[in-house]
Colleague: 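To start, I am sharing the structure in question, which I have written as structure tokens.
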Amino acid sequence: MPEETFFRKIINKEIPSDMLYQDDFVTAFRDIAPQAPTHILIIPNKLIPTANDIDIEDEELIGKLYSVAKKLAKQEGIADSGYRLIMNCNKDGGQEVYHIHLHLLGGKPLGKLISAG
Ligand code: AMP
């Protein structure tokens, strides 16, 4: 069994977060160390440690992450100006929390790429 991270406690509201959205499948909350004026993490309620662990039966769930991202981008007023959706994978990808999450970043011009580190 993969090991739960503190994101489980955020989902369960056992630790505080600036939660913007939750349903039976997806939770979204503001990143604690924002890299842009809007920086939201969108995560499945189910633990999937990395992008490598996404199974065929998760396809609908992964689609829901993007649907929630789109809704939140509109809510944040950045849908038209634009935004970036990123999922980091493993060490070289810069992943720190092993419960997949989409970063929704926007609110300023982000350039072509986030820094390579
Ligand atoms: P990653 O590096 O892709 O795994 O992203 C992990 C993200 O989680 C980072 O952007 C952190 O700033 C963010 N983070 C860490 N702890 C918290 C927390 N308690 N609440 C919200 N975001 C967090």
Side-chain angles (χ1 to χ4, degrees):
M1 281 286 280
E3 214 173 296
E4 289 286 357
T5 74
F6 66 93
F7 278 5
R8 170 64 48 211
K9 290 194 161 74
I10 289 180
I11 293 165
N12 292 345
K13 303 188 173 123
E14 291 161 8
I15 59 173
S17 75
D18 190 352
M19 195 178 287
L20 299 171
Y21 181 89
Q22 187 165 55
D23 64 22
D24 288 345
F25 305 100
V26 176
T27 298
F29 51 92
R30 289 194 196 280
D31 196 291
I32 205 165
Q35 304 296 306
T38 290
H39 188 172
I40 297 168
L41 301 177
I42 301 135
I43 74 176
N45 296 343
K46 168 188 171 181
L47 172 60
I48 301 173
T50 78
N52 291 330
D53 302 303
I54 297 169
D55 288 326
I56 202 91
E57 65 264 24
D58 298 320
E59 281 181 350
E60 197 178 334
L61 178 58
I62 299 304
K64 284 182 195 295
L65 299 183
Y66 282 86
S67 294
V68 171
K70 176 187 121 172
K71 198 179 299 188
L72 290 173
K74 187 159 188 217
Q75 196 174 296
E76 292 285 302
I78 60 171
D80 291 339
S81 53
Y83 54 91
R84 180 170 289 152
L85 295 169
I86 303 173
M87 184 180 290
N88 296 326
C89 181
N90 276 337
K91 189 163 148 280
D92 281 2
Q95 186 174 6
E96 289 173 357
V97 182
Y98 283 77
H99 181 135
I100 59 164
H101 43 282
L102 260 191
H103 293 258
L104 166 60
L105 294 145
K108 68 172 188 183
L110 297 169
K112 287 252 176 243
L113 286 172
I114 293 286
S115 153

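Counting convention: from 1, in listed order, for ligands and their atoms alike.
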Colleague: Of all the heavy-atom pairs spanning Leu65 and Pro44, show the shortest one and how long it is.
Modeller: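 Residues Leu65 and Pro44, closest heavy atoms: CD2-N, 3.6 Å.
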Colleague: Quick check on contacts: which atoms of ligand 1 are under 4.0 angstrom from a heavy atom of Val97?
Modeller: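 That gives atoms 4 (O), 6 (C) of ligand 1.
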Colleague: Which ligand 1 atoms are under 4.0 Å away from a heavy-atom of Arg30?
Modeller: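 What qualifies from ligand 1 is 21 (C).
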Colleague: Using non-hydrogen atoms of the residue, decide whether Gln35 is closer than 4.0 angstrom to ligand 1.
Modeller: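 For ligand 1, residue contact (heavy atoms, under 4.0 Å) with Gln35 is absent.
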Colleague: Which heavy atom of Lys112 sits nearest to which heavy atom of Arg84, and what is that distance?
Modeller: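 Taking Lys112 first and Arg84 second, the nearest heavy atoms are O-NH2, 3.1 Å.
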Colleague: With the side chain counted from C-beta on, respond yes when Thr38 and Tyr83 share a heavy-atom pair under 4.5 Å apart, and no when they do not.
Modeller: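 No. Closest side-chain heavy atoms not under 4.5 Å.
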Colleague: Are any side-chain N or O atoms of Asp24 and backbone N or O atoms of Asn45, one a donor and one an acceptor, separated by less than 3.5 Å?
Modeller: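 Such a contact is absent between Asp24 side chain and Asn45 backbone.
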Colleague: Which residue holds the protein heavy atom closest to atom 20 (N) of ligand 1, what is that atom called, and what is the gap in Å?
Modeller: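 Ranked first by proximity to atom 20 (N) of ligand 1 is Ile32 CB, 3.7 Å.
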Colleague: In sequence, state the C-alpha distance, the side-chain angles, and the governing distance for Gln22 and Lys13, and then conclude on side chain to side chain contact (heavy atoms under 4.5 Å, CB included).
Modeller: CA-CA 11 Å; Gln22 187 165 55; Lys13 303 188 173 123; 3.1 Å; yes
Colleague: Could you measure the distance from the CD1 atom of Ile11 to the CD atom of Glu4? Nearest 0.5 Å is fine.
Modeller: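 The CD1 atom of Ile11 sits 7.5 Å away from the CD atom of Glu4.
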Colleague: Measure the CD1-OH distance between Ile40 and Tyr21 for me, rounded to the nearest 0.5 Å.
Modeller: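 If we round to the nearest 0.5 Å, Ile40:CD1 and Tyr21:OH are 13.0 Å apart.
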Colleague: Provide, to 0.1 Å, the distance between atom 8 (O) of ligand 1 and the closest protein heavy atom, together with that atom's residue and name.
Modeller: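 It is Leu41 CD1, 3.6 Å.
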Colleague: Consider ligand 1: state whether an atom of it lies below 4.0 angstrom from any non-hydrogen atom of Gly94.
Modeller: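 Contact check Gly94 vs ligand 1: positive.
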Colleague: Tell me the nearest of Asp31, Thr50, Ile43 to atom 11 (C) of ligand 1, using heavy-atom distances.
Modeller: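 The option holding the nearest heavy atom is Asp31.
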Colleague: Output the distance between atom CG (Asn88) and atom OG1 (Thr50), rounded to the nearest 0.5 Å.
Modeller: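 Asn88 CG to Thr50 OG1: 11.5 Å, rounded to 0.5 Å.
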Colleague: Is the closest heavy-atom distance from His101 to ligand 1 below 4.0 Å?
Modeller: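 Yes; His101 lies near enough to ligand 1 that a heavy-atom distance drops under 4.0 Å.
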Colleague: Only heavy atoms of Ala33, strictly under 4.0 Å: list the atoms of ligand 1 that pass.
Modeller: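 The list of qualifying atoms is 12 (O).
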Colleague: Does any N or O of ligand 1 fall below 3.5 Å from an N or O anywhere on Phe6, backbone included?
Modeller: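 Among all N and O atoms of Phe6, none is under 3.5 Å from an N or O of ligand 1.
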Colleague: At what distance is the nearest protein heavy atom to atom 4 (O) of ligand 1, and which residue and atom is it?
Modeller: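 Heavy-atom neighbour on the protein nearest atom 4 (O) of ligand 1: Glu96 N, 2.6 Å.
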